[in-house]
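Beneath this line is the structure, given in structure tokens, with notes to follow.
Numbered from 1 within each chain, the chains take letters A, B, ... in sequence-line order.
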Amino acid sequence: MSEFLQQVINGLSLGAIYALIALGYTMVYGILRFINFAHSDVFMVGAFMGFYAGKILPHESMLGGIGALVFAMLVCAILGILIERFAYRPLREGSKLTVLITAIGVSLLLESGGQYLFGADPKSFPMMFPSKEFSLGGIAISSNQILVFVATAVLLVALQFIVLKTKIGTAMRAVSFNPQAASLVGINNDVVISFTFGIGSALAAVGGILYSSNYPSIDPYMGILPGLKAFVAAVLGGIGNIPGAAMGGILLGVIETFVNGSRYSTYTDAIAFTVLILILLFKPAGILGKLHVEKV
Amino acid sequence: MLQVKNLKVNYGAISALHGISLEVKQGDIVTLIGANGAGKTTTLKAISGLLKVDGEVLYNGRNIANVAPHKLVGLGMAHVPEGRMVFANLTVAENLQMGAYLQRDKRAIEHDRAFVFSIFPRLAERQKQIAGTLSGGEQQMLAIGRALMSRPKFLMLDEPSLGIAPILVKTIFEKIVEINQKQGITILLVEQNANLALEVSRYGYVLETGHIILQDSSAALRQNPKVKSAYLGG
């Protein structure tokens, strides 16, 4: 029993990170209907920004950790906004396929650019947050895991608040439903889209730092696998659906951890893609997704 | 208030408007009638910046051809598009809030909301309802209400009678006249239902395959034999 709970805790903490990355995919999809494949590399840049912030900020302190988070969020938000502005916006009137291929191009650019700027060899990520192990009736919980839960929960609530209760969030939903009608009420679609990229990228930055705190070896290609899995999580929950992305991430993290703890652990990475194939076969709209029927 | 001069629109190689000119004077209701595919919707989309155009669109003397639609809203122009295009995923209240997107003055927004509810009480009852679940007529009311929330001086309505129960059509046209008279909002109305459109408007244009073939006071157009046989069913 205690081993079961231990796996659940580990799974939740991995899943929360997938959830943070999945939100960026799902928000961009919700508004522009394409998959921003460069998102996983923004996650990588977030980790590196945490690494560089660690050169200046104190280690193993809440202040240093939060400082690193804020710095990485800012840099990634700006990066996300610039990517949209210069790579995707000029193609917005074109076909979705063009943008999709461009996204893959941006992804390669960030990975190779990362190799050039940060160096190709793996770096060890500093311990930014204070670290402690707690034991609850035989279950080990690290302060890092608690941090992941708390940070993800706070960010999810904040995001839901923005999307459901604020004017810019309502505008995001309006643009996502019908960009033309949105422009006719005075919404500048470009501003709303930039905002969406900024928020999604900032969340990826948090994901990058938390992920690296748990797996402290970072390199410019580190984003690919977690990014793909987060994409699976977004599809699993229902692409375009924010609570769905969070749910999909957590579900996938738990499934993966259980497979990893079983004798099929060799297949840990394969399981995510098996989930993707199954969901596409049996419930293509995802768990919380709906296929829209428009009333005429 | 609005002067369109030699307006041309192309969809790729196909020309949809071959240089039309029309004028809407302040405080007026002007209608643009014509058959399906004549270019009525294209004309409104061209004016509100949704389409790339050639020619001049003078709004209060300023050329606004090819200005982005969201900027025109700030100049007091509102466009209720064909098919209503309410935000079906938002509530009625949120749709109205989005209509007031550029308004900063909270009291003015409250005042406008009260006005919208006074002409469409149905919307007040359904504030919390998701707009996609409203009937066609209610969605039309919401689309007009949303446009009014932007405090327009000039309102363009595209086929407000389309797909709506006949009894509601009458109500909606009465409200259109009321909006014009009480708020002093200038209206350009596009309609397939020529009878109704010529009844509420003061001046009319007849559009046929991208050309304006007739223009006159609405009263005269109703007596015009050509209009009678082609658009008024006898």
Among A:N188, A:V185, A:N189, find the residue that satisfies the side-chain contact (heavy atoms from CB on, under 4.5 Å) test when tested with B:H70.
-> A:N188
Go through the atoms of [X] and report whether side chain, backbone, both or neither lie under 4.5 Å from a heavy atom of chain A.
{"X": "B:K71", "answer": "neither"}
{"X": "B:A88", "answer": "both"}
{"X": "B:Q103", "answer": "backbone"}
{"X": "B:V86", "answer": "backbone"}
{"X": "B:A68", "answer": "neither"}

May I ask you to name which of A:A171, A:A182, A:A174 has the most heavy-atom pairs under 4.5 Å with chain B?
-> A:A174
Is there a side-chain contact between [X] and [Y] in this structure, where contact means two heavy atoms from C-beta onward sitting under 4.5 Å apart?
{"X": "A:S183", "Y": "B:L50", "value": "yes"}
{"X": "A:K167", "Y": "B:E94", "value": "no"}
{"X": "A:T170", "Y": "B:L90", "value": "yes"}

NZ of B:K25: more than 12 outside heavy atoms within 6.0 angstrom?
-> no
Under 6.0 Å from the CG atom of A:L281, do we count more than 12 heavy atoms belonging to anything else shown?
-> yes
When only pairs under 4.5 Å are counted, which of B:V80, B:V73, B:L72 shares the most heavy-atom pairs with chain A?
-> B:V73
Could you state the interatomic distance from [atom1] ([X]) to [atom2] ([Y]), rounded to the nearest 0.5 Å?
{"X": "A:S176", "Y": "B:F87", "atom1": "OG", "atom2": "CZ", "answer": "10.5 Å"}
{"X": "A:L184", "Y": "B:R146", "atom1": "CG", "atom2": "CZ", "answer": "7.5 Å"}
{"X": "A:I187", "Y": "B:M98", "atom1": "CD1", "atom2": "CE", "answer": "5.0 Å"}

Sub-3.5 Å donor-acceptor pair from the side chain of B:N89 to the main-chain atoms of A:R173, do we have one?
-> yes
Who pairs with B:Q26 by side chain to side chain contact (heavy atoms under 4.5 Å, CB included), at least two apart in sequence or on another chain?
-> B:M1, B:T186
